[in-house]
Amino acid sequence: MISKKIFISVVYFKPAPLVKTEYLNPVQAGRALGRYDVEGAIGDDTGKNISEKNVSWNELTALYWMRHNVDAEYYGLMHYRRLMVFAEKKPKAVTFSDITEREFERFGWDDALIEKACESADILTPPVRDIYLPGMPGVLMTASEFYSHQHHGRDMDILEAIVKERSPEIYPYLVQILTGRKVFFNNISVMKKALFREYADWLIDTLEVAEQRIDRAGYDGYQARTWGFLAEYLTNAYVAYAKSVHKAKVKELPLTWGTRPRPSVSPEAVLAKARTKRHRERLAETSSDSKIEVVLAVDDNYVPHSAVTMLSAIRTSSMPDQLRFHVLNGRNITDDNRRKLTTLIEGEGATLNFLDIDDSDLRWLPLNRDYVSIATYYRLVMQEYLPKTVEKAIYLDADTVVVDPLEDLWMTDLEDHPVAGAPDDAGFQQARRLQLSSRHRYFNAGIMIFDVASFRKMELKEDIISAFRKHGSCIISQDQDILNILFSENTKMLHLRWNAGSRIYRDNPLEPSYDEEEALEAASDPAIVHFTDKRKPWHLKCTHPFTELYWDYRNETPWAETAADRMKRRAVYWLRRHLRARDRRFDNKVGR
């Protein structure tokens, strides 16, 4: 039995920098499963434990271990990427990407401050917050509605019946939580001994009964974490009960969370490497009728940027004469811009084809982002306008720069999938918002390969309407959401290198569809750079490391900047990159 005045478990599932003091104790959950060995952490497989249940009990195996193997005046549970702030003054920034002395100081991970916080209340919790779907803060939901959307609603119905039957004194508080619109998540709390023991015994007993009654056959890996998800609502119910019945003093502390750290690459180095690929040795022209079909959807405002995309594809290709570009537009590109673009592209040896789209059948589709136009939906009808000889096509957003030859992407075997796409930098939340299976890796639609021949055989219009009828209230990423719904679990995944979005070059607070290894490979050697942020390289405030590569190409087009504009842009870029503390820390870090 471990004895301490305060014992707060910081739960780890895999190796990561430790948050450790006398009171903050790293505990590895699920160590009995042998998946990882978190050096310096206590395993939850010692003494009385349920460590082997970690797949479905998540952090609760650490809570169970702590209940039966620790004697303390205060007990707590936090996560290595979700931790309470004990600092007396809330820091301006409540996210972190690394664990250093600075994080310990900023967030008050200090035993004296922890003890002071514990003595100020009977229960410490993170702030309760409004419940809404990720990306949709305007749509408030009750806790019951949210659980049913994110998980299997019948499980909560069964749990509610168990609490009503076995714990009638707590049941009204569970009803209060389920009908309310505010909770705290992650089962994070700190409690005095008597309260913690009552809470832990009740929670574990309730979930063990639920284990016997809930049939989880067919649940995917994410939904199989049932007991951890249900426990979040039970924890809220117990805190409400303790506050009312036991007159417990409850205090909310700020919550800090870890973000996906930016890959440790030098912006200058990756830019220099990409620039060396701009003038690839060209093969002799071939008379082959086989073309690499490339599609862009563009309105008149985006013509200069589409010129960059196409010119970069040509300059990095060893056989540019095989590139045939199809520009989908709503008849809104001026004759002057058409002439300039044609002269540029055909002068480089490629082929350019304008396809005028009748978008009357697309106008009912939502445009809920001010920087997105109806052109984003043109790819959904491109099969109706492309020449019948086109059976496959690469789609490129017009805010991209090609670094590696498109012929390499063209050779991708779709393996009978109708589409191919690369993982999205907010893919996990996006998939949950749309209630897609965890087996589907939500993809970003900015760079894709389409089996156009397959599209022609589909009833796409009806499929799109059906998708909106079922998911319409949750669709916020327009055609990208639609494509992910239509081709859920039927997508060939491309490496992130082929769609290197902006968030791989900065800390990412979202949960992407790719791991850190893939992010590092993409950031170090992107094949296509995609400027996914609102701040594009043609905006003065953009500090993306490939801004200069964009302008390398842009200044070879009819839409080049003036010398004065170039001086102003570079001055602003230098100031923003070198005078901001965050960027200085990053530059210092990668410079070591």
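On a predicted model such as this, the values are computed, not experimentally measured, just so you know.
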What do the steps show when you test Asp533 against Arg506 for salt bridge (Lys or Arg N to Asp or Glu O under 4.0 Å), and what is the final call? CA-CA 11 Å; Asp533 276 351; Arg506 58 181 175 85; 2.9 Å; yes

Start with the C-alpha gap between Tyr442 and Gln429, add the side-chain angles, then the distance that decides, and say whether side chain to side chain donor-acceptor pair (under 3.5 Å) holds. CA-CA 9 Å; Tyr442 184 98; Gln429 292 102 322; over 6 Å; no

Between Asp404 and Arg497, does a salt bridge (Lys or Arg N to Asp or Glu O under 4.0 Å) hold up when you go through it step by step? CA-CA 9 Å; Asp404 278 2; Arg497 291 186 63 248; 2.5 Å; yes

Using side chain to side chain donor-acceptor pair (under 3.5 Å), reason through Asn490 and His417 one step at a time and then give a plain yes or no. CA-CA 6 Å; Asn490 193 18; His417 296 294; 3.0 Å; yes

Report the C-alpha distance between Glu561 and Arg554 in whole Å, list the side-chain angles of each, state the deciding distance to 0.1 Å, and finish with yes or no for salt bridge (Lys or Arg N to Asp or Glu O under 4.0 Å). CA-CA 8 Å; Glu561 62 187 339; Arg554 172 81 177 260; over 6 Å; no

Between Gln223 and Ser438, is the side chain to side chain donor-acceptor pair (under 3.5 Å) condition met? List the steps. CA-CA 8 Å; Gln223 296 297 351; Ser438 65; over 6 Å; no

Test ring pair (Phe, Tyr, Trp, His ring centres under 6.0 Å) on Tyr302 and Trp538 and set out the steps. CA-CA 11 Å; Tyr302 255 68; Trp538 52 92; 5.6 Å; yes

Please step through side chain to side chain donor-acceptor pair (under 3.5 Å) for the pair Tyr514 and His495, ending with a clear verdict. CA-CA 9 Å; Tyr514 49 81; His495 194 284; over 6 Å; no

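In this structure, the separation between CH2 on Trp257 and NE2 on His79 is 14.5 Å, given to the nearest 0.5 Å. Atom NZ of residue Lys291 and atom CE of residue Met319 lie 10.5 Å apart, to the nearest 0.5 angstrom. Remark: Arg331 CZ to Asp356 CG distance equals 5.5 Å, nearest 0.5 Å. In this structure, Ser317 OG and Glu407 CD are separated by 3.5 Å, a value rounded to the nearest 0.5 Å. In this structure, Leu323 CG and Ile345 CD1 are separated by 9.5 Å, a value rounded to the nearest 0.5 Å. With values rounded to the nearest 0.5 angstrom, His440 atom NE2 is found 7.5 Å from Ser513 atom OG.
Across all non-hydrogen atoms, the minimal contact from Ala445 to Leu483 is CB-CD1, 4.0 Å. Considering every non-hydrogen atom in both Pro91 and Val85, the closest pair reads CD-CG1, 3.8 Å. Between Ala307 and Leu341, the shortest heavy-atom contact is CB-CD1, 3.7 Å. Across every non-hydrogen atom of Ala500 and Pro526, the tightest pair is CB-CB, 3.7 Å. When all heavy atoms of Ser477 and Gln430 are compared, the pair lying nearest together is OG-NE2, 3.5 Å. Among all heavy-atom pairs drawn from Met136 and Ser473, the shortest one is CE-O, 2.8 Å.
A salt bridge links Glu556 and Arg315; the closest N-O separation between the charged side-chain nitrogens and carboxylate oxygens is under 4.0 Å. In this structure, Asp565 does not pair ionically with Lys568, as no charged nitrogen and carboxylate oxygen lie closer than 4.0 Å. By the 4.0 Å N-to-carboxylate-O rule, Lys392 lies too far from Asp451 to be salt-bridged with it. A salt bridge links Arg433 with Asp481: the closest approach of a Lys/Arg side-chain nitrogen to an acidic carboxylate oxygen falls below 4.0 angstrom. Salt bridge status for Arg569 with Glu548: present, with a side-chain N to carboxylate O gap under 4.0 Å. Ion pairing between Asp397 and Arg379 holds under the 4.0 Å rule for side-chain N and carboxylate O. A salt bridge between Asp413 and Lys492 is absent, with no side-chain N of the basic residue lying under 4.0 Å from a carboxylate O of the acidic one. Salt bridge Asp130/Arg181: absent, no basic N to carboxylate O contact under 4.0 Å.
Classification of the Phe531-Tyr550 ring pair by plane angle, with boundaries at 30° and 60°, yields perpendicular. Classified by interplanar angle (parallel below 30°, tilted 30° to 60°, perpendicular above 60°), the ring pair Tyr147/His151 is tilted.
A donor-acceptor contact closer than 3.5 angstrom links the side chains of Glu293 and His326. Thr100 and Glu103 form a side-chain donor-acceptor contact under 3.5 Å, judged by distance and modelled atom types alone. The closest side-chain donor-acceptor pair between Asp425 and Asn444, if any, does not fall under 3.5 angstrom.
Applying the 6.0 Å contact sphere to CZ of Arg456 captures more than 12 heavy atoms from other residues, nucleotides or ligands. Within a 6.0 Å radius of CE in Met458, more than 12 heavy atoms belonging to other residues, nucleotides or ligands are found. Counted within 6.0 Å of CD on Glu391, heavy atoms from surrounding residues, nucleotides or ligands total 12 or fewer; the atom is thus considered open. Counting non-hydrogen atoms of neighbouring residues, nucleotides and ligands closer than 6.0 angstrom, the CG atom of Asp416 reaches no more than 12 such neighbours. No more than 12 heavy-atom neighbours from other residues, nucleotides or ligands sit within 6.0 angstrom of CZ on Arg469.
Between Phe455 and Phe487, the distance from one ring center to the other falls under 6.0 angstrom.
Geometrically, Arg338 engages Phe354 in a cation-pi contact defined by less than 6.0 Å to the ring centre and at most 45° from the axis.
Under the side chain to side chain contact (heavy atoms under 4.5 Å, CB included) rule, Leu328 has a single partner from Asn353, Leu296, Leu355, which is Leu355.
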